[in-house]
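What follows is a set of notes on a single structure, which appears directly below.
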Amino acid sequence: MLYVVTGPPAAGKSSWIDAHAKPEDIVIDLDRIAMSLSGPGAPNWNQGELIVRVAQRARYAAMDEAIQHLDRLDVYLIHTMPNPKAMAKYKRLNARIVAVDPGREVVMKRIAAMRSPAMEGVATRWYNARRRQSVTGMPQSSRRW
């Protein structure tokens, strides 16, 4: 099964995965990938631009390989704000979409305490997009996501 875990920065997406994934599952998390590519003492978040660029390439390669093995293991993928093309792909893969959101106030406090101020803009875009979806989107209560 593919689990696509969405949510604003600092929402607790990695923590949700830590609580649900088993040791044999694959976890694709850009923060973890960037951390593994960074030198000793690097921060958990806010890595440099070049490290993030290399980590993004590694993330795409990991995603391409991991989806070929969904019949044998679970894959947990963090994708903060998937675009419609990505959502269509996840739907074709019968993914379970999980939105982690402790609330805007909590997220903004966590960002102020732990993340780059630029993440406030990402969180704002996430909340704005979610609000637009609920207003203009069709209700889909028959789906788990």
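Quantities reported herein were computed from a predicted structural model and do not represent experimental measurements. The basis for the numbers below is simple: all heavy atoms, side chains too, and nothing from hydrogens, waters or symmetry mates.
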*Test side chain to side chain contact (heavy atoms under 4.5 Å, CB included) applied to L30 and I78, step by step*: CA-CA 7 Å; L30 186 63; I78 291 181; over 6 Å; no
*After noting the C-alpha distance and the side-chain angles of H20 and Y3, does the key distance pass the side chain to side chain contact (heavy atoms under 4.5 Å, CB included) rule?*
CA-CA 10 Å; H20 292 85; Y3 296 87; over 6 Å; no
Distance-only donor-acceptor pairs under 3.5 Å for side chains of residues 9-16, two or more places apart:
residue, atom, partner, partner atom, Å
K13, NZ, G7, O, 3.2
K13, NZ, P8, O, 2.7
S14, OG, D29, OD2, 2.6

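One side chain, R131 or N128, offers a donor N or O that lies under 3.5 Å from an acceptor on the other.
With a 6.0 Å radius and a threshold of 12 heavy atoms from other residues, nucleotides or ligands, Q68 has its CD atom above the threshold.
Within the structure, ring pair (Phe, Tyr, Trp, His ring centres under 6.0 Å) contacts touching residues 93-132 (residues at least two apart or in different chains) do not occur.
The shortest non-hydrogen separation linking I28 to A66 is CD1-CB, 3.9 Å. Contact detail for M108 and E120: the closest heavy-atom pair is CE-O, 3.7 Å. Scanning all heavy atoms of the two residues, the minimum distance from V5 to V100 falls at CG1-CG2, 3.7 Å. When all heavy atoms are compared, the tightest approach of K89 to I67 is CE-CD1, 4.0 Å.
Residues Y60 and I26 share a hydrophobic cluster, clusters being chains of Ile/Leu/Val/Met/Phe/Trp/Tyr side chains in contact below 4.5 Å. Hydrophobic clustering, with ILVMFWY side chains joined whenever heavy atoms are under 4.5 angstrom apart, groups L2 together with L73. L93 and V4 fall within a single hydrophobic cluster, where Ile, Leu, Val, Met, Phe, Trp and Tyr are joined by side-chain heavy atoms under 4.5 Å apart, directly or via other members. Under the 4.5 Å side-chain heavy-atom criterion for grouping Ile, Leu, Val, Met, Phe, Trp and Tyr, M1 is connected to I17 within one hydrophobic cluster.
Here D71 pairs with nothing under the side chain to side chain contact (heavy atoms under 4.5 Å, CB included) rule; sequence neighbours left out. Residues that satisfy the side chain to side chain contact (heavy atoms under 4.5 Å, CB included) test with V54, not counting sequence neighbours, are L37. Evaluation of the side chain to side chain contact (heavy atoms under 4.5 Å, CB included) rule for I51 yields A34, S38, Q47 as partners, not counting sequence neighbours. Taking the side chain to side chain contact (heavy atoms under 4.5 Å, CB included) definition, one finds that K22 meets it with E24, D25, D74, sequence neighbours left out.
For the pair D18 and R32, the salt-bridge criterion is met [side-chain N within less than 4.0 Å of a carboxylate O].
Judged purely by atom type and a 3.5 angstrom limit, E65 has no side-chain atom pairing as donor or acceptor with the backbone of A61.
Counting only heavy atoms from C-beta outward, the side chains of M63 and V75 never approach each other to under 4.5 Å. By the 4.5 Å heavy-atom criterion applied to side chains, H79 and M87 are not counted as neighbours. Looking only at side-chain heavy atoms (C-beta outward), R110 and V106 come within less than 4.5 Å of each other.
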